[in-house]
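Note that the coordinates shown come from a computational prediction; the quantities given were computed from them, not determined experimentally. Along the sequence shown, residues are numbered consecutively beginning with 1.
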Amino acid sequence: MDTDRLPGCYRHPERDTGITCTRCERPICPECMISASVGFQCPECVRGGSGTGHRPTANAARTIAGGVVAEDPQLVTKILIGINVAVFFAGLLVPGLVVQLGLLGRYVEYFGGPVQGVSTGEYHRLLTSVFLHVEWWHIISNMIALWVIGGPLEAALGRTRYLAVYLLSGLGASTLVYLLTAPNAPTVGASGAIFGLLGATVVLARRLRYEMRPVIIMVVLMLVLTFVPFGGAVRVSWQAHVGGLITGALVGLGMLTPTAAKHRALVQWGTCAVVFLLAAALIMLRTAELT
């Protein structure tokens with residue numbers, strides 16, 4: 001056996017070569033080698049990356065928060081609206097769906113029946129309730145607000161970061177409801193998560209040095225409507241609105257605080273982790289109190 005022979009190209013084993021791909025280090029022949037910024041790369045690495053030795057999104061345009069600029073910058077907002085609408089119609093068709101998925105701390109549906117609620121381990125209610133609506137006016141108003149507030153914020157943050165703000169805001173809203181609302185009082189709706197998007201929008205406007213007056217006026221107006229509902233007959237969960245607003249602002253600060261690129265992901269996702277753990281700790285405390 002000739003031990004001095006050069007290795008064969010990984011695609012053409014019969015062709016000896018002394019050149020290797022700078023990314024995967026597989027041997028490549030002249031037909032397979034593709035010039036890169038440093039050395040040569042194989043066809044698979046070029047297809048799977050940017051051709052520069054980095055992942056495909058390395059040279060992509062970035063949002064102010066570091067997310068990749070997407071072809072459809074409002075896709076997640078559209079999907080969230082679609083999910084909310086689908087769940088609304090499912091609630092009309094499936095009896096008891098709102099009771100099964102709505103936010104309830106602890107309750108018994110009928111005398112002698114099983115105890116249900118978040119305190120019994122049904123923690124999914126903290127998020128499923130964010131996608132539930134009972135009345136037409138409720139879902140229509142929330143979806144309009146989600147489109148108006150969420151669309152521009154998604155374009156500014158990028159899809160993944162925007163979704164993190166939305167879900168954590170929904171969780172933060174549900175956490176404050178769980179803490180401060182009677183355990184048998186049902187709460188549903190996306191308004192807490194939407195208030196979270198509003199909180200992050202305030203942070204974004206300040207980060208971009210926009211005129212703050214319109215944003216502050218919007219926040220104040222929505223809070224006024226929260227505590228003084230129009231007509232006085234509609235019950236609004238101020239706990240959800242305040243909880244979502246505070247959570248969204250906190251996560252928005254983590255997402256939008258100017259940070260060196262190499263530390264940005266650590267700061268952003270570290271903030272998300274801290275907010276999640278804080279919510280989890282408060283949920284556990286409330287659960288211990290109710291049980």
Assess whether side-chain contact (heavy atoms from CB on, under 4.5 Å) is satisfied between Val188 and Val134, documenting all intermediate values.
CA-CA 8 Å; Val188 297; Val134 177; 3.9 Å; yes
At their closest point, which heavy atom of Asp72 faces which heavy atom of Arg159, and how far apart are they?
O-NH2, 3.1 Å
What closest approach, in Å, do Gly196 and Ser169 show between heavy atoms, and which atom pair accounts for it?
CA-OG, 3.3 Å
Any idea which heavy atoms bring Asn142 and Ile194 closest together, and the distance?
O-CD1, 3.1 Å
In this structure, is the centre-to-centre distance between the rings of His133 and Phe88 below 6.0 Å?
no
Hydrophobic cluster identity match, Ile217 and Leu197, side-chain contacts under 4.5 Å:
no
List the steps, then state whether side-chain contact (heavy atoms from CB on, under 4.5 Å) holds for Arg11 with Cys29.
CA-CA 8 Å; Arg11 299 178 71 203; Cys29 66; over 6 Å; no
Can you see which heavy atom on Arg125 is nearest to which on Ser129, and at what distance?
O-OG, 2.8 Å
Tyr166 versus Thr77, side-chain donor and acceptor atoms under 3.5 Å
no
Given Val118, which of Val177, Leu126, Leu104, Thr175 fulfils the side chain to side chain contact (heavy atoms under 4.5 Å, CB included) condition?
Leu126
Verdict with supporting geometry, Trp238 and Leu180, side-chain contact (heavy atoms from CB on, under 4.5 Å):
CA-CA 10 Å; Trp238 67 264; Leu180 302 179; 3.9 Å; yes
Could you check if a side-chain atom of Ile149 sits within less than 4.5 angstrom of a side-chain atom of Leu153, using non-hydrogen atoms only?
no
Modelled atom types, side-chain donor and acceptor of Tyr178 and Thr287, under 3.5 Å:
yes
Within a radius of less than 6.0 Å around OH of Tyr107, do more than 12 heavy atoms belonging to other residues, nucleotides or ligands occur?
yes
Can you tell me if CE on Met218 sees more than 12 non-hydrogen neighbours from other groups inside 6.0 Å?
no
With the 4.5 Å side-chain cut-off for hydrophobic clustering, are Val267 and Val68 part of the same group?
no
